[in-house]
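Working notes, structure below.
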Protein chains: 2
Amino acid sequence: MAQVSIKDIAQKVGVSNATVSLVLNGKEKGGRISAEVASRIREVAKELNYEPNNLARSLRVGKSRTIGLIIADISNNFFASLAFYIQEFAEKYEYAVIITNTNESSGKMGKMINVLKSRQVDGFIIVPTEDGEKHISELIASRIPVVLLDRYFPDLPVSHVIVNNYHASLDATNLLINLGCKNVALLMYDNQLPHMLERQKGYEEALKKANLFNPRLIKKINYSLITRDIPEAIDALLEEEQKVDGIFFATNSISMLGIKRLMELHITIPDDMKIVCFDKSDAFEFSNISIPYIQQPIKDLGRKAVDVLMELINQDTSTFTKIELFAHLLNVPE
Amino acid sequence: MAQVSIKDIAQKVGVSNATVSLVLNGKEKGGRISAEVASRIREVAKELNYEPNNLARSLRVGKSRTIGLIIADISNNFFASLAFYIQEFAEKYEYAVIITNTNESSGKMGKMINVLKSRQVDGFIIVPTEDGEKHISELIASRIPVVLLDRYFPDLPVSHVIVNNYHASLDATNLLINLGCKNVALLMYDNQLPHMLERQKGYEEALKKANLFNPRLIKKINYSLITRDIPEAIDALLEEEQKVDGIFFATNSISMLGIKRLMELHITIPDDMKIVCFDKSDAFEFSNISIPYIQQPIKDLGRKAVDVLMELINQDTSTFTKIELFAHLLNVPE
DNA sequence: CTGAAAGCGCTTACAG
DNA sequence: CTGAAAGCGCTTACAG
């Protein structure tokens, strides 16, 4: 509407648009603008309640100071916190964040990439979905800075910030073994994403080393059928000949429903069944049992993702940075 | 970088920019462009992998197709879901959403309003903070469409979408009364936001009608000191002469810590203490007791907020719409 | 040292 | 009916 522009200020003060722009951007040093003119410009700008139009600026300078964030499942607490921190850190760089959600659909991820591209985001932070490798590699080809977060594709020449899932899972499984479990199960998602496979690998190696590995105890859950698959998996495990005495839940969404099922069946944790979870659930607060879990450094993940992206945007090189953070076990019984 | 523009297509096909723009926007009907030219343009656009620059478009048409969403506390599950739905519905209108968080600070809310304004958002959806009335009224004065969500300021001429907090709280308190509670406490935040005061009012009226009102049983929590104030409040209630037998928790963040405290003290729910909560917490899933709670229609709140804002944006009137939805009690014991 | 002009990529009112 | 031109608000390279 009655948007005040640089032109209005220039007119009122009686100088050129350029001079106004220079002063308002603090670039007066080069073109030694008289102090009076400068202060007069600032005065009028305030008086007219001038606010710069970032759209125009972006169009001109070719940078939008906007990050496109694509999250696989924003209803998951872990990702929601991640989004929160990314926003906080981006703000420090004076970047805005457009958050979108794919609901684990690679088709939607592709669509979101295009939406955000057409809005001229300067870079992407993406938690990719399964089968999304093609979309990511196309994005890379278009030479827009990208950082993958939490999940990654080992073969793609792209920066990422992840947690060492293998080690975390190794530790978690070893904890159950050290607590005396002989038949340790794994509930994980049935997908081919490397981070999930590495959680499986950590689990397997720990058990193999202890001579306790039994492939029958790995249950794979279909993401879109969790409310059906998880109780079924738990029930199946309880019917195993070798009494299952430990479970490693590979994600917090799985642990949520898994623990719920155990409680429904009146199985006492940790007496009848010892468990370890990947990520904390809010729900832990509530229960009076202390459940060991793998704590990912969410804040650091967010910070690093933003830092790496900013480097990519600013130095305009085509190198890539791979960052791996370590997760730690919490609530370990003494 | 090698961004393909309308000009490139025009040049290659040998027509004007205008023609290309018309065709690509499906506005060929007016200016009867020959079918061959149209299809040739589309062909070349695809071939060059053309993607429109929305920034330029926005600058020209004066609409950014972007909503600024300002949330008071994104770490709260209720608001996170709200943000999620708003995004989903905005997408249907081909609007993007820039989500920002104020952490309940009105100073930050003011800052965020300016950041989003300079990015030329077409409208705002805001969950305002306490003491934020001035910022909101300034925003209204600048004639940008605004919808307040979940919270509101009764005196301000601005659209809002809220839940009838009074009725919900009346129902919740009556439930406790009907279950036989004689001394019903309220844990609420210590602020002057109308939605909070209405929750208090519903609580009070129900108890007054039943001749059970006792102002000593209202405990006000300082938002930034919840981990200290909530256990203290619970402990104080338990020392009341008249044995407190029911508690109404006015928000899910309060209920989370409140229930945790009760469990630490080994107070059995609902035998020793009956409770009702405003909003569901994920944590409920976990516990094997069924806790009655007020379910707000989160999805509808999000949908309505977007619908109202879109109307405001499109019809450019200065009327305002006040929408009130009803919440319902769930998990009510028979 | 400083102002006038060009141009970012798009759309639309207007002249031919 | 269609193309050439203007202009959204800004910044910056360039001429004076």
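Note that the structure is a prediction, hence the values are computed from the model and not measured. Just so it is clear: chains get the letters A, B, ... in the order the sequence lines come, proteins before strands, and each one is counted from 1.
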Any idea which of [options] is nearest the [X] side chain?
X: A:S5; options: C:dT12, D:dG9, D:dT11; result: D:dG9
X: B:S16; options: D:dA4, C:dG9, C:dG3; result: D:dA4
X: B:A18; options: D:dA4, C:dG3, C:dG9; result: D:dA4
X: A:A56; options: D:dT11, C:dT11, D:dG9; result: D:dG9
X: A:R57; options: C:dT11, D:dT11, C:dG3; result: D:dT11
X: A:S21; options: C:dT12, D:dT12, C:dG9; result: D:dT12

| How would you label the contact of A:N54 with the nucleic acid (heavy atoms, under 4.0 Å): base, sugar-phosphate, or nothing? | nothing

**OP:** Looking at every strand, decide which applies to A:T19 at a 4.0 Å heavy-atom threshold: base, sugar-phosphate, or nothing.
**Re:** sugar-phosphate

Quickly work out the [X] [atom1] to [N] [atom2] distance and round it to whole Å.
X: B:I9; N: C:dG9; atom1: CD1; atom2: P; answer: 12 Å
X: A:N53; N: C:dC8; atom1: CG; atom2: C1'; answer: 13 Å
X: A:R60; N: C:dC10; atom1: CZ; atom2: P; answer: 16 Å
X: B:L22; N: D:dG3; atom1: CG; atom2: C1'; answer: 11 Å
X: B:Q11; N: D:dG3; atom1: CD; atom2: P; answer: 15 Å
X: B:L55; N: C:dT11; atom1: CG; atom2: C1'; answer: 15 Å
X: B:L24; N: C:dT11; atom1: CG; atom2: P; answer: 8 Å
X: A:L59; N: D:dG7; atom1: CG; atom2: P; answer: 17 Å

**Request:** May I ask you to check whether over 12 heavy atoms, not counting those of B:K299, lie within 6.0 Å of atom NZ?
**Result:** no

Establish, with yes or no, whether the OP1 or OP2 oxygen of C:dT11 is under 4.0 angstrom from a side-chain nitrogen or oxygen of B:N25.
-> yes

Heavy-atom side-chain contact between [X] and [Y] under 4.5 Å:
X: B:Q120; Y: A:N53; value: yes
X: A:Y95; Y: A:I313; value: yes
X: B:P128; Y: B:M109; value: yes

Using Watson-Crick geometry (N1-N3 plus N6-O4 or O6-N4) or G-U wobble (N1-O2, O6-N3), each under 3.5 Å, C:dA4 is paired with none

Taking a pair to mean Watson-Crick or G-U wobble geometry with both distances below 3.5 Å, D:dA13 pairs with none

message = Could you walk me through whether A:Y93 and A:V306 satisfy the side chain to side chain contact (heavy atoms under 4.5 Å, CB included) test, starting with their C-alpha distance in whole Å, then the side-chain angles of each, then the deciding distance to 0.1 Å, before giving a yes or no?
response = CA-CA 9 Å; A:Y93 287 95; A:V306 173; 3.7 Å; yes

Atom P, compared across D:dA13 and C:dC10: separation rounded to whole Å:
22 Å

